[in-house]
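Right, one structure below, let's go through it.
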Protein chains: 2
Amino acid sequence: MSHYLTDYETMLHQRGFRVTHQRRMILDAVCEGDGHTTFDAIYARVQARCPTVSQATVYRALHFFVKMHLVVSADINGEQVYEIATSRHHHHLICRGCGWVGNLDDAHLRDLSAHLLREHGFRADVDHLVITGLCPECQATTE
Amino acid sequence: MSHYLTDYETMLHQRGFRVTHQRRMILDAVCEGDGHTTFDAIYARVQARCPTVSQATVYRALHFFVKMHLVVSADINGEQVYEIATSRHHHHLICRGCGWVGNLDDAHLRDLSAHLLREHGFRADVDHLVITGLCPECQATTE
DNA sequence: ATTACTGCAAAGGATTTGCATGTGA
DNA sequence: TCACATGCAAATCCTTTGCAGTAAT
């Protein structure tokens, strides 16, 4: 993680932005998540370490990181979630029964996105697709 | 449309719910849309015919219709949109540049959902997937 | 020394809710 | 008739913003 941190700090410096104590904590809090961290979870983690950090700062930092492409956000069932951006594209399976989160490699969507580009001229955002459904356990218990 | 209306009215009656003037107007307003109608658009259409209908009623009716599976809702870029439920599964391509909306037949996702079920045991909700991206025109103008 | 960033509190916008009234079956 | 549905307004929730003070470079 440390050389990754160095990279992003250098990048921010080069662009004239500042690396603050708060931003470091907030980015750490995003990294600690399993991949889909809600605002509340991030805010709680930050608060645990530094109770004076305000919600406004967390909101602003998250927007900032998204704009800097260090974090990606998605909307799952009306709730905004955040995840550290990685170079490898992958997608998520979300169980609407129990909240289980699974990963889906980009490879399985290559054909689809190729089709969309060829037939519709549509360039799909393939970096963070969310597919909801039911995991094996939740299929057993009829909703 | 009329026999469809009869069907849903009968269904609601059987379940002990009531078919009111407001609910009819609200469902009509959802039907008039191209498939992704925002709350504001629905409320505006209803207001045009009956200015006394309140937002609360529209919110309540939409939730009600979703629960009755007469309407499906999705979240596009943080905005909730509504669409009449149809038997035919289809998906939507949304241009994040200009808001253009395209349809994508379910057939193109059959392979993917079959794969998910086979490999992950995951039963994907294939009734209303939203894929964002850029349409041909908006690809020209670099965002 | 700049000026980006933060904390606080207030504002803003969207959605929900309590309650008295109205209305469909 | 009587429970369901509505309108109104207040309440609630989430997010953004203005501004004065703080801190990174």
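In the text below, chain A, chain B and the rest are named by the order of the sequence lines, each starting its count at 1. In this text the structure is predicted, and so the values were computed from the model without any measurement.
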Find the distance B:Arg18:CZ to D:dT6:C1' and express it as a whole number of Å.
-> 12 Å
The single option from B:Val53, B:Val30, B:Asp28 passing side chain to side chain contact (heavy atoms under 4.5 Å, CB included) against B:Val46 = B:Val53
Please examine the side chains of B:Leu104 and A:Phe122, heavy atoms only from C-beta on, and report whether any two atoms are closer than 4.5 Å.
-> no
To the nearest angstrom, how far is A:Tyr43 atom OH from C:dT6 atom P?
-> 14 Å
Tell me whether A:Leu109 is reachable from A:Leu117 by hopping between hydrophobic residues (I, L, V, M, F, W, Y) whose side-chain heavy atoms are closer than 4.5 Å.
-> no
So, is A:His21 near the phosphate of D:dA23, with a side-chain N or O under 4.0 Å from OP1 or OP2?
-> no
So, is A:Thr20 near the phosphate of C:dA4, with a side-chain N or O under 4.0 Å from OP1 or OP2?
-> no
Atom pair CE (A:Met68) and CE (A:Met11), whose distance is rounded to the nearest 0.5 Å | 6.5 Å
Listed pairs, N/O of protein and of nucleotides 7-10 of chain D, under 3.5 Å:
unit_1: D:dG7; atom_1: OP1; unit_2: B:Gln22; atom_2: NE2; d: 3.2
unit_1: D:dG7; atom_1: OP2; unit_2: B:Ser54; atom_2: N; d: 3.3
unit_1: D:dG7; atom_1: OP2; unit_2: B:Thr57; atom_2: OG1; d: 2.4
unit_1: D:dG7; atom_1: N7; unit_2: B:Arg60; atom_2: NH2; d: 3.0
unit_1: D:dG7; atom_1: O6; unit_2: B:Arg60; atom_2: NH2; d: 3.2

Nucleotide D:dT15, atom P - distance to CD of A:Glu79 in whole Å = 8 Å
Computed from five pairs at either end and rounded to 10 degrees, the angle between the axes of the helix from C:dA1-D:dT25 to C:dA25-D:dT1 is 40°
Atom CD of B:Gln55 to atom C1' of D:dA11: distance rounded to whole Å?
-> 15 Å
Interatomic distance where CG belongs to A:Leu12 and C1' belongs to D:dT25 [whole Å] = 13 Å
Here the distance between atom P of D:dC4 and atom CZ of B:Arg23, to the nearest Å, is 11 Å
Taking CZ from B:Phe64 and P from C:dT16, how many angstroms apart are they, rounded to a whole number?
-> 16 Å
For the pair A:Gln139 (side chain) and B:Gly121 (backbone), establish whether a donor and an acceptor sit closer than 3.5 Å, ignoring hydrogens and angles.
-> yes
Would you check if A:Leu12 and A:Phe64 make a side-chain contact, meaning some heavy-atom pair closer than 4.5 Å?
-> yes
Check the distance between C:dA9's P and A:Tyr59's OH and give it to me in whole angstrom.
-> 17 Å
Is the distance between the ring centroids of A:Phe65 and A:Tyr82 under 6.0 Å?
-> no
Heavy atoms from other residues, nucleotides or ligands near NE2 of A:His21 exceed 12 (cutoff 6.0 Å) = no
Can B:Tyr59 and B:Gln55 be counted as having a side-chain donor-acceptor contact under 3.5 angstrom?
-> no
5'-most contact on DNA chain D (nearest-nucleotide basis), B:Ile26 vs A:His13, goes to B:Ile26
